[in-house]
There are 2 protein chains.
Amino acid sequence: MTRISKNPEERKEEILDAAMELFLTRGYEKTSVSDIVRRINVAQGLFYYYFKSKEEVFRAVMERLARQFSERIIAIIRDDSLTFRSRIEKVVDTMHHVLPVSESILMDEIHQEEFRAIHYRLAFQIAGEVIGPIAELLATLRERGLARVKDPKLTASFLVFGVFGLVHGEDDLVHDKKNLTTDTLLDMLSGLLGVSPEVLKNI
Amino acid sequence: MTRISKNPEERKEEILDAAMELFLTRGYEKTSVSDIVRRINVAQGLFYYYFKSKEEVFRAVMERLARQFSERIIAIIRDDSLTFRSRIEKVVDTMHHVLPVSESILMDEIHQEEFRAIHYRLAFQIAGEVIGPIAELLATLRERGLARVKDPKLTASFLVFGVFGLVHGEDDLVHDKKNLTTDTLLDMLSGLLGVSPEVLKNI
DNA sequence: ATCTACTGACTGACATTCAGTCAATAATAA
DNA sequence: TTATTATTGACTGAATGTCAGTCAGTAGAT
């Protein structure tokens, strides 16, 4: 075989890309290391030159995905040109797209289970990364006299996980999803943040 | 080998017990089907007489664990001899013990990852199962004029996921865990439930 | 001439299958 | 009633195929 050497960073990225693509479509278990290397025409050994194990690429893929989403969400939260209301709207919308694959693909039960675990794992990680910026936002609102929050970090954590749960929880167990409008959400949050709903909907 | 036939229900339970024990101590990947059958001295084939796959036992184990916890939590929520405050206390305490194994065991990084996914998966499932009873409790409080909640089911979902997140989120990303006292929690919930903190702490 | 990215055949472990065995129970004949 | 045979279903364990991970060696760049 003719050999093609590449800049290690590119190569590693290439492997990561292939792995991500496959994990997201077929799932972790159904993706073999040889599937990954075949897709980019390199030998099996090369995979292990760049990654210690299949688990390790998986972790890298999860981190990349989590970073992508949390960066998007953080950008929305910090965008002062947006009202509070539309930030909520956009954030919830973005959250809906975490692992959309899991819904679009026909999967046997066994895979559903695996995707679910991955999904929740990701949701938790993203949630964690988003808490800081949310806490900042709450602190700002408090300074401006627009919210009464005792402990912004705590409230932010609670809020983030609460919303993530609403968005990602199983449809049957959680509230009716159709009820999850921005208005309903704001009504509930107004209590938590100590603002009247009217005010909250207009900042 | 001398054969010992058992009542199928017992046998299945026996396999489930062994699998649970092993999954919780070594993790899913590190537990082989032959480990499971060796532990109860039966042939490998018998495993597949009772379960379609390793994934299937795993799912059964998760369901069993989730049921155990959600039953305990639901009992606390419904125990009208307890104050609201002590119900919160006991529920949070119970939640802390979901998969305590993951903390007590020395695990290489690879396993941490696996346990984390399982952990979150479980947390979400338990959370989902607990929402109904919490919603009932909120509805009762509202009827008695003790809380102002627009949509009990929605608020319950939000509350449950919020608290689960606080308890199970990664220590570094979430608020300082030491701040998570019952009082702090009640202060925050008072807003969400539309009750003054003083009242909430005494019902 | 070294180094480093790269190859691909190989190994061992593991999930899953399957053809067959054994023991108990039911059905039938004595 | 007792002896004989058929049937069922729990159980066995060797065989199969797949796959993660290894390693001894090779090509090309510097």
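Just so we're on the same page: letters track the sequence lines, and every chain starts at 1.
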Whole-Å distance between D:dC11 P and B:Ile4 CD1? 9 Å
Specify the separation, in whole Å, of atom OH of B:Tyr50 and atom C1' of C:dT16. 18 Å
Once you round it to whole Å, what is the distance between P of C:dA9 and CZ of A:Phe47? 19 Å
From CD of A:Glu56 across to P of D:dT22 the rounded distance in Å is 12 Å
A:Tyr28 ring centre to A:Lys54 NZ or CZ under 6.0 Å, with the angle to the axis within 45°? yes
Using 30° and 60° as the class boundaries, would you call the ring planes of A:Phe124 and A:Phe161 parallel, tilted or perpendicular? tilted
Return the CG to CG distance between B:Leu24 and B:Leu65, rounded to the nearest 0.5 Å. 5.5 Å
Whole-Å distance between D:dG9 C1' and B:Leu46 CG? 11 Å
Once you measure the plane-to-plane angle for A:His119 and A:His168, does it fall in the parallel (<30°), tilted (30-60°) or perpendicular (>60°) bin? perpendicular
For the pair B:Asp151 and B:Arg142, find out whether any cationic side-chain nitrogen is under 4.0 Å from an anionic carboxylate oxygen. no
Counting side-chain heavy atoms from C-beta on, which of D:dT12, C:dT21, D:dG28 comes nearest to B:Arg3? C:dT21
CG of A:Asn7 versus C1' of D:dG28: gap in Å, rounded? 16 Å
Rounded interatomic separation in angstrom, taking NZ from B:Lys12 and P from D:dG9: 16 Å
Between A:Glu14 and A:Arg11, does any NZ, NE, NH1 or NH2 come within less than 4.0 Å of an OD or OE carboxylate oxygen? yes
Take atom CD1 of B:Ile36 and atom P of D:dG13, then tell me their distance rounded to the nearest Å. 18 Å
5'-most by nearest nucleotide on DNA chain D - B:Gly45 or B:Pro8: B:Pro8
What does the list of N/O pairs under 3.5 Å between the protein and nucleotides 12-15 of chain C look like, with a distance for each?
{"unit_1": "C:dA15", "atom_1": "OP1", "unit_2": "B:Lys54", "atom_2": "NZ", "d": "3.0"}
{"unit_1": "C:dA15", "atom_1": "OP2", "unit_2": "B:Val33", "atom_2": "N", "d": "2.9"}

